[in-house]
Amino acid sequence: MDYFHKYETNPFTELAWNIPDQKRGSLLVLGGNAQSFQNVIKTAETLEKNFPIENLKVALPERLKNTLPPLDNLIFLPATDTGSFAESDTLNETIRTFDFNLFTGDFSKNNITARAITKICEITEKPTLLTRDTTDLVSSTNPERILMNENLCFFTSIASLKKLLQSVYYPKVILLSQPLVQIAETLHKFTLSYPVSIITFHAGQILIAKNGNVSAVPIEKTAYSPITLLMGDAAAKIAAFNLYNPNNFEKATVAALF
C-alpha cells in the first residue's frame with residue numbers, strides 16, 4: 001500500500017512559515033439558514049482571530065438581514081421562503097470572487113437549496129471545502145457532475161461519505177465496521193475515479209485522500225476529538241493553510257491538523 005501514508009508528527013512544519021505577516025488573500029465562509037447560523041459565524045471568528053486574511057466575508061441568507069447587525073464582513077444572498085439559500089446569479093458570482101470558499105453546512109434540507117449548492121459545486125473554479133451536512137445535501141441530488149470538479153473537497157463523516165458513494169452507484173461500499181485499511185483502499189480507488197478530495201475520520205485516524213493518495217493523522221495527536229472534529233475550527237484551519245499553500249492540498253491539510 002504505497003499510496004497510504006501515516007503521520008505521527010507533522011512532517012510539514014515549514015508550511016507554517018508560509019502564513020504571511022501581512023493580511024493576504026480572500027476567503028468566503030458560507031452557510032446557515034434563518035433558524036441556525038451560529039456555526040458559520042463561529043468558523044469565521046476562528047479565521048479572523050488566527051489568520052491574516054485580507055478579505056474575509058461571511059455569506060448568509062438574506063432572511064437574516066434584519067436579525068444581525070450591519071457588519072462590514074457580512075454578505076446577504078437571495079433566500080428561499082423558509083430562509084435558506086436560493087439559486088441566483090448573485091450567489092454564483094459571489095462564489096467566483098474569492099480565492100477560497102468554505103461551506104459550513106446547516107443549509108436546511110430542501111430541494112431548492114440542494115439545487116443551488118449543487119450548481120455552485122459544479123461551476124466553481126476556486127478551491128471549495130464542503131463541511132458538515134453539505135455532503136448529505138448534494139448527495140440528495142445527482143452529484144455525478146460535481147465529483148468531476150477537482151476544486152472540491154468533502155470534509156465529512158463516514159456515514160455521509162457512504163451516502164455520497166451510494167448516490168453515484170459506486171461499486172465499493174463504506175461501512176463503519178470496516179477496518180482502517182479497507183476504508184483507505186476504497187478512498188484510494190474512489191479518488192482515482194473522481195478528482196475530488198476527501199477528509200474523513202475512522203478508527204481513530206483522520207484520513208485525507210486525493211489523487212489516489214491517502215494520509216492518516218491520529219486524532220489523539222491533534223487538538224480535536226471525534227465530537228469536535230467537524231464543529232468548525234478544524235475546517236477553518238484547513239481552509240487557511242490551503243489558502244496560503246495553493247496546489248499543495250495533502251501537505252497543507254496535514255499541517256493544519258497538527
Side-chain angles (χ1 to χ4, degrees), residues 3 30-33 36 39-40 80 82 84-88 91-92 95 101-203 205-214 226 229-230 234-235 238-239 249 253:
Y3 59 81
L30 180 143
N33 63 75
S36 178
N39 189 63
V40 62
T80 64
T82 58
S84 190
F85 288 96
E87 212 173 329
S88 69
L91 175 60
N92 298 338
I95 294 298
N101 299 301
L102 171 55
F103 292 3
T104 63
D106 296 324
F107 290 111
S108 75
K109 296 178 181 179
N110 67 80
N111 291 334
I112 296 174
T113 302
R115 286 197 302 270
I117 300 302
T118 300
K119 183 176 180 180
I120 291 170
C121 292
E122 290 176 0
I123 65 173
T124 182
E125 296 177 352
K126 302 295 179 63
T128 301
L129 182 61
L130 313 176
T131 71
R132 292 164 61 87
D133 60 355
T134 313
T135 300
D136 291 337
L137 190 72
V138 299
S139 295
S140 68
T141 62
N142 183 2
E144 184 76 35
R145 288 181 62 183
I146 71 173
L147 290 177
M148 299 310 297
N149 188 342
E150 64 181 2
N151 299 302
L152 298 182
C153 175
F154 293 87
F155 185 9
T156 188
S157 67
I158 285 289
S160 294
L161 189 58
K162 175 185 175 182
K163 293 178 185 177
L164 181 65
L165 269 62
Q166 289 176 332
S167 69
V168 293
Y169 304 103
Y170 192 71
K172 293 283 186 179
V173 178
I174 280 185
L175 300 173
L176 287 170
S177 58
Q178 289 175 333
L180 180 66
V181 171
Q182 196 170 346
I183 296 289
E185 182 183 9
T186 300
L187 291 174
H188 163 67
K189 292 179 178 178
F190 184 76
T191 55
L192 285 176
S193 301
Y194 297 99
V196 296
S197 308
I198 305 289
I199 306 170
T200 192
F201 173 75
H202 186 69
Q205 302 286 326
I206 304 170
L207 300 171
I208 304 109
K210 185 176 180 64
N211 295 331
N213 293 310
V214 182
L229 182 62
L230 290 170
I238 290 168
F249 171 77
T253 303

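Excluded from the calculations below are hydrogen atoms, water molecules and symmetry mates; all remaining heavy atoms, backbone and side chain alike, are included.
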Taking the side chain as everything from C-beta on, heavy atoms only, tell me whether [X] gets closer than 4.5 Å to [Y].
| X | Y | result |
| --- | --- | --- |
| L152 | F103 | no |
| V214 | I183 | no |
| V168 | P143 | yes |
| S84 | I112 | no |

Which pair of non-hydrogen atoms, one from [X] and one from [Y], has the smallest distance, and what is that distance?
| X | Y | answer |
| --- | --- | --- |
| F201 | I158 | O-CG1, 3.2 Å |
| I174 | T186 | CG1-CG2, 3.8 Å |
| G105 | D133 | CA-OD1, 3.1 Å |
| A234 | L229 | CB-O, 3.5 Å |
| A235 | L129 | O-CD2, 3.6 Å |
| L187 | A209 | CB-CB, 3.9 Å |

Inset, instruction - Could you go through the side chain to side chain contact (heavy atoms under 4.5 Å, CB included) check for L165 and Y194 one step at a time? - result: CA-CA 11 Å; L165 269 62; Y194 297 99; over 6 Å; no

Hey, can you pull the donor-acceptor pairs under 3.5 Å for the side chains in residues 114-122, sequence neighbours left out?
| from | atom 1 | to | atom 2 | distance (Å) |
| --- | --- | --- | --- | --- |
| T118 | OG1 | A114 | O | 2.7 |
| T118 | OG1 | T141 | OG1 | 3.1 |

May I ask you to decide if [Y]'s main-chain N or O and [X]'s side chain share a donor-acceptor pair within less than 3.5 Å?
| X | Y | value |
| --- | --- | --- |
| Q178 | V173 | yes |
| T134 | T131 | yes |
| T128 | K126 | yes |
| T200 | T156 | yes |

Inset, instruction - Would you check, one step at a time, whether the test side chain to side chain contact (heavy atoms under 4.5 Å, CB included) holds for V40 with D106? - result: CA-CA 8 Å; V40 62; D106 296 324; over 6 Å; no

If you measure from [atom1] on [X] to [atom2] on [Y], what distance do you get to the nearest 0.5 Å?
| X | Y | atom1 | atom2 | value |
| --- | --- | --- | --- | --- |
| N151 | T124 | CG | OG1 | 6.0 Å |
| N111 | L137 | CG | CG | 9.5 Å |
| N39 | R132 | CG | CZ | 4.0 Å |
| L130 | L30 | CG | CG | 10.5 Å |

Legend entry - Residues which pass ring-ring contact (aromatic ring centres under 6.0 Å, His included) with H188, listed by chain and number, not counting sequence neighbours: Y3

Inset, instruction - For F85, enumerate each residue passing the ring-ring contact (aromatic ring centres under 6.0 Å, His included) test, keeping only those at least two apart in sequence or located in another chain. - result: F107

Inset, instruction - Begin from the C-alpha positions of F154 and L147 and carry the test side chain to side chain contact (heavy atoms under 4.5 Å, CB included) through to its verdict. - result: CA-CA 10 Å; F154 293 87; L147 290 177; 3.8 Å; yes

Inset, instruction - With sequence neighbours left out, write down each residue that passes side-chain hydrogen bond (donor to acceptor under 3.5 Å, both in side chains) with N92, or none if nothing qualifies. - result: none

Legend entry - Sequence-distant partners of K109, side-chain hydrogen bond (donor to acceptor under 3.5 Å, both in side chains), two or more places apart: none

Inset, instruction - Compute whether any side-chain donor of one residue and acceptor of the other, for T80 and T82, lie under 3.5 angstrom apart. - result: yes

Inset, instruction - Would you kindly say whether N211 and N213 are connected by a side-chain donor-acceptor distance under 3.5 Å? - result: no

Legend entry - Listed once per pair and sorted, the side-chain hydrogen bond (donor to acceptor under 3.5 Å, both in side chains) pairs that draw on residues 159-177, sequence neighbours left out: D136-S160, S157-S160

Legend entry - Crowding at CD, E150 (>12 non-hydrogen neighbours, <6.0 Å): no

